[in-house]
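Here's the structure we're looking at; comments come further down.
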Amino acid sequence: MARKAAIIGGGVIGGGWAARFLLSGWDVAVFDPDPEAPRKIGEVLANARAALPALADVPMPAEGHLTFAETLTDAVQGADYIQESVSERLDLKHRVFAQIQQAAPDALLGSSTSGFKPSELQENSANPAVIFVAHPFNPVYLLPLAEIVPSPKNDPQRIEEAKEILREIGMFPLHIRKEIDAHIADRFLEAVWREALWLVKDGVATTEEIDEAIRMGFGLRWGQMGLFETYRVAGGEAGMKHFMAQFGPCLSWPWTKLMDVPEFTDELVDLIAGQSDAQSGHHTIRELERIRDRNLIGFLRVLKDSNWGAGKVLLEHDARRRVTAPDPTPDSAAPLVLAHMQVLPGWIDYNGHMTESRYLFASSETCDAFLRHIGAGMDYVAGGFSYYTAESHIMHAGEAKLGDRLTGSVQVLAADDKRLHLFIRIERGETLVASIEQMLLHVDMAAGNPARPGPRFWRVCVP
Ligand SMILES: NC(=O)C1=CN([C@@H]2O[C@H](COP(=O)(O)OP(=O)(O)OC[C@H]3O[C@@H](n4cnc5c(N)ncnc54)[C@H](O)[C@@H]3O)[C@@H](O)[C@H]2O)C=CC1
Ligand SMILES: C[N+](C)(C)CC(=O)CC(=O)[O-]
């Protein structure tokens, strides 16, 4: 049975949480008194459905069931996890927590608060041990970070439980060791925001020029290396010490005047909102969200290819979700069903069906599963031996459409002391989508030559 998440407050952030939980297979109950909340969440969910699966290389779980609860009590009843995302007002959050804990006193209760400390959230609570900060980043359904901030009143075991749930839905829970206003990331965001307000107020730059300054340069660097690793590289061969010696002194130069906060007047708001309208008003917010999502998917896929930063989290999440087929009986004459895949958005071409390179990908996933099955997985490769593909013949027997679930099965046609001759079927249910005949050579990787495999392979390879 699917687990249940309750989302209290279904605005920008609550909608993102709802989408992430739903697409991770959880049932979700949302409570938000705004009559527009179901429409808004529907639109966020549509964007999320087009985006999140494009990061996965393994089948997505079946989507959970979404309900809009009439009351907060109905929403939290039986919830395994509750995420509060109401407006950023402490009195409101306190009221909401009191209501939640009347109905579900022991449930894990994460707050999306951007700035309040957990000890502030826990004030006067019936059970402070389960209330903590789980601060996400917009769009919650794509960005993995959730800052997890406990206070000394939290039960550490429950916090670990919450972190595990967030990992399960593909997030990266960053445990903040000491509570502080605005946690870690928002302190940076606020510092940059403060500088930007000054620059616009003083007529130094427009909103568009500031965005260009970020997105054409350091913003690209930050997304993959952060601050310290970027500056370590900028220090040249002498690294961080040299970087600090060279640029440390500039901290006491006049730049620091910008630490003051500009007065937040109507005039400043109109100036910034007017420039922002001129810059981006020709797009709707939903269009901008879709542009943002497509760009983020591109970045994240590149990071995934290099197992770096947020891409590493995606790979680990795939590994956690990879469907491991039950070990088939080795002496059965039937094809071994070894791989389970799903046609994901990035697999679709301009004809609206699975693109040809993905047929080979599906075959390759199946072949890799077979090699793991006979003991030639990554440990074996690390020992310097592997199978290389010498020839593939693909027959495209049928179309596969977005979301189709495919299986890959293998029959060994022949095997000798260096070769493996395989017949791979990619099927949707009983329907053949493709068949691939492959010849693999066993290779001594250091020598770069075909070589005899060890005797343990003959368990499965003898036809
Ligand atoms: N917008 C952002 O970029 C981010 C916001 N956050 C945090 O997430 C929380 C929510 O922010 P947003 O989603 O941006 O605000 P929002 O204004 O889009 O949504 C807040 C929602 O809470 C609902 N609400 C108000 N009172 C309620 C109640 N008693 N019960 C249930 N729902 C209620 C409102 O109807 C509204 O739909 C805040 O704590 C904010 O600091 C965190 C990360 C990023
Ligand atoms: C502006 N903000 C403080 C609400 C931003 C956040 O909390 C995180 C984000 O997604 O930028």
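- Identified under the side chain to side chain donor-acceptor pair (under 3.5 Å) test for residues 111-133, with sequence neighbours left out: Trp17-Ser112, Gln83-Ser112, Glu84-Ser111, Ser85-Ser112, Glu88-Thr113, Gln101-Ser125, Asp106-Asn127, Lys117-Asp181, Ser119-Glu179, Gln122-Ser151, Gln122-Asn154.
- Ring-centre distance between Tyr81 and Phe21: below the 6.0 Å cut-off.
- Remark: side-chain polar atoms of Asp27 are paired, donor with acceptor, to backbone N or O of His65 under 3.5 angstrom.
- A cation-pi contact links Arg358 to Phe361, judged by a cut-off of 6.0 Å to the six-membered ring centre and 45° from its axis.
- Glu365 contributes atom CD, which lies 11.0 Å from atom CG of Leu360 (distance to the nearest 0.5 angstrom).
- Remark: side-chain polar atoms of Asp318 are not paired, donor with acceptor, to backbone N or O of Ala56 under 3.5 angstrom.
- Listed by chain and number, the residues in a salt bridge (charged side-chain N to carboxylate O under 4.0 Å, His left out) with Glu164 are Arg167, Arg320 (sequence neighbours excluded).
- The shortest distance between side-chain heavy atoms of Tyr380 and Leu371 does not fall below 4.5 Å.
- Taken to the nearest 0.5 Å, the CD atom of Gln342 stands 4.0 Å off from the CZ atom of Arg405.
- Although no hydrogens or angles enter the test, the distance criterion places no donor-acceptor pair under 3.5 Å between the side chain of Asp155 and the main chain of Ala129.
- Using a 4.0 Å cut-off between charged nitrogen and carboxylate oxygen, Arg187 and Glu190 do not count as a salt-bridge pair.
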Self-check item: Test log, rule salt bridge (Lys or Arg N to Asp or Glu O under 4.0 Å), inputs Glu229 and Arg232
Solution: CA-CA 5 Å; Glu229 209 157 34; Arg232 180 181 179 80; over 6 Å; no

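- At most 12 heavy atoms of other shown residues, nucleotides or ligands fall within 6.0 angstrom of atom CE in Met244.
- Under the side-chain contact (heavy atoms from CB on, under 4.5 Å) test applied with Ile272, the options Thr206, Val200, Asp277 reduce to a single match, Val200.
- Note on ring orientation: taking the six-membered ring where Trp is involved, the planes of Phe218 and Trp222 are perpendicular (angle over 60°, cut-offs 30° and 60°).
- Using a 4.0 Å cut-off between charged nitrogen and carboxylate oxygen, Arg39 and Asp34 do not count as a salt-bridge pair.
- Atom CG of Asp270 sits in a crowded spot, with more than 12 heavy atoms from other residues, nucleotides or ligands closer than 6.0 Å.
- Screening residues 117-152 for ring-ring contact (aromatic ring centres under 6.0 Å, His included), with sequence neighbours left out, gives His135-Phe137, His135-His183.
- Contact check for Phe97 versus Leu121: side-chain heavy atoms found under the 4.5 Å cut-off.
- Formation of a donor-acceptor pair under 3.5 Å by the Gln224 side chain with backbone atoms of Arg221 is found in this model.
- Expressed to the nearest 0.5 Å, how far CG of Asn47 lies from CG of Leu52 amounts to 12.0 Å.
- The distance from the CD1 atom of Ile82 to the CG atom of Leu108 is 8.5 Å, given to the nearest 0.5 Å.
- Contact between Gly226 and Thr230 at its shortest, heavy atoms only, is O-OG1, 2.5 Å.
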Practice problem: I would like to know whether Asp32 and Lys40 meet salt bridge (Lys or Arg N to Asp or Glu O under 4.0 Å); could you show each step before the answer? | Solution: CA-CA 11 Å; Asp32 191 315; Lys40 290 183 191 165; over 6 Å; no

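- Checked for salt-bridge contact, Glu160 and Lys163 meet the test: a charged N lies under 4.0 Å from a carboxylate O.
- Taken from CD1 in Ile184 to CG in Leu174, the straight-line distance is 5.5 Å, to the nearest 0.5 Å.
- Looking at every heavy atom in both residues, Ala400 comes nearest to Leu406 through CB-CD2, 4.4 Å.
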Self-check item: Derivation and outcome, salt bridge (Lys or Arg N to Asp or Glu O under 4.0 Å), residues Asp404 and Arg428
Solution: CA-CA 7 Å; Asp404 282 354; Arg428 184 187 52 247; 3.2 Å; yes

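- To the nearest 0.5 Å, atoms CD (Glu36) and CD (Glu43) are separated by 9.0 Å.
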